[in-house]
Amino acid sequence: MTTTVLIVDDNEMNRDVLSRRLQREGYEVSTAEDGVKALSMMSAEAYNIVLLDIMMPDMDGFETLTNMRNLHNCKDIPVIMLTSVNEMDDVKKCIDLGANDYVLKPYNMDDLKRRMEKFL
Amino acid sequence: MHNDSVYLIEQTERLKEQAVGALVATIVVVGYVFYFVYGQVPATTLYAWVAVVLAINVYLAVWIISVNRSAITADNVDKFVVAYQFEAVIHGLSWGYLPFLLSQSGDIDTQLFSYYVICSMAAGAIATTGMIYRIYISYMLPMMLPIVINQILFTDAKLFAGSTIGLLVIYIIAMLMLSYRHYESVLKSIVFSRRNEELVQDLRQEYERAEESSHAKSRFLANMSHELRTPLNAVIGYSEIIEDEAAESGVDRIADDAEKIRVSGKHLLKLIDDVLNLSRLDAGKVDISYACVNVANMINNITPVLNEHSAVNNNALEVRIETDVQKLDTDVFLLEKIIINIISNSAKFTKNGRIKIQVEQQSRNTLQHICFVVEDTGIGMDEEQRSILFDAFRQADESSTRKYGGMGLGMAISQRYVHLLGGTIEVDSEPGKGSRICVCLPKDAPVELKDVS
């Protein structure tokens, strides 16, 4: 069975690059450009893992994460934060809010895969 | 002039502060004089004199209290000083009358007593009114000059009178000089304290401005780095895709070119991150959050990244974790950066060699430490290179930048992180013999932090 991944990132190129690379690795990838869309997708379908950006308009990573953890069927979905070095304080906050791990942009594919596989 | 009135206001404030003391002293002296000469001079005249002096003092007291209610300003300070001066003349004259009063006793001792009293009043007044010279003169001269006149007019013993007059004149001149000195030093101290205040104020403003600009700088850097990073991530990501796809389709030339784009992109990104991290360190904005870290897991997590860095110059990476190494209380984010930076630095100066990271437990100063020892088979460093290894931008010396790439901010950042975590970083290297960099961190978090978490 293929693993389903939801990428939440407001930047179109980021979504494109990451999803294409993950598809090449054999994952089934869906994308959402903001937290609102992501939440509605998650309530419709169960994903195996979520890759979540922090800085997004409308609903940012923190809010999305908090809302996710309050949704009954999304409580236990592993979440890996997509982040940059200068957002370290934010990452710590996300982990307190229930994120499982983080990965630095630009992604080292081996690193990302390894971190994802830990939770699958 | 603006400044003069500022000083005069300050002088007047000090004058007001002394007014109560002056009043009390005056009343005591009046009481003393009354007690001493009672019965030697006509009672009604004595009573009248005491009444006049006390009335003047009561008037002064009431006036000072009423003035105290409203602040002295540049507009009313001159009026206040003139009024005080007028009061001082009256007050001085009331004392100047004393020798005339006491000369009625016909007793030379009594008369001399009045001179002593007045001379000491003149001396004491320096402290109470001397901060404004013209007020002191307005008080002292009306008080002292009548003695001289009295001495000339009413004394029979001419020789004795003459020498007394001489002494009195010398005394008056001495008091004038002394009080002028006093006035000058008061003025100087006011000028200095004013200037001090201004300096402190300037400094505070300067400090606030610097704070504000440092905040603005941090904000700018944070925004800028996000703006720079986003397109750069796309450059790196797409070049990776091109690289992979070209390699799969066997178009090696394109794959090579794409790799060059990817490597340059990553290099640029690293520079941006380093500059940003350094500025955050400078601004004291790096927060430490201690957590209990499983060392082996942490190293395993970053091994792919370490491999990638080692592979830059075709180096092999060897990781060895001693069995007694288990947990470490530290900030895992900072520790990861430290290790990655050190490995990356070693890889930069090592070609087709080996880089080894060994983690071991050591006891230092009776405290258990976890030490990360990175050894490479690279070109090594001489003493001078070792001494500038941790200097931000010093490694940016052109020749080494061109030869080995990178500005070497990573080591400067690592050293600061290690110090933030309470650890040490040591370098051991000789030219041609590789380098050994050892980072030791206390195994347990500082006590106060442990209690919190």
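Quick note on labels: first sequence line is chain A, next is B, and so on, each numbered from 1.
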Problem set entry | Residues Asn108(A), Lys113(A); criterion side chain to side chain donor-acceptor pair (under 3.5 Å); working and verdict | CA-CA 9 Å; Asn108(A) 174 313; Lys113(A) 258 167 66 189; over 6 Å; no
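Of the atoms belonging to Tyr102(A), it is side-chain heavy atoms, and not backbone ones, that fall under 4.5 Å from chain B. Heavy atoms of Asp111(A) lying under 4.5 Å from chain B belong to its backbone as well as its side chain. Neither the backbone nor the side chain of Asn307(B) comes within less than 4.5 Å of any heavy atom in chain A.
Of all the listed residues (Val286(B), Leu232(B), Asp331(B)), the one sharing the greatest number of non-hydrogen pairs under 4.5 Å with chain A is Asp331(B). Chain B forms more heavy-atom pairs under 4.5 Å with one residue of Leu18(A), Asp16(A), Asp101(A), Asp110(A) than with any other, namely Asp16(A).
Closest approach of Met109(A) to Arg21(A), counting heavy atoms only: CG-NH1, 3.2 Å. In terms of heavy-atom proximity, Gly98(A) sits nearest to Arg69(A) at O-NH2, 2.8 Å.
Between Tyr47(A) and Thr3(A), the closest side-chain pair of non-hydrogen atoms is not below 4.5 Å. For the pair Met298(B)/Val332(B), a side-chain contact is recorded, criterion being any heavy-atom separation below 4.5 Å from C-beta on.
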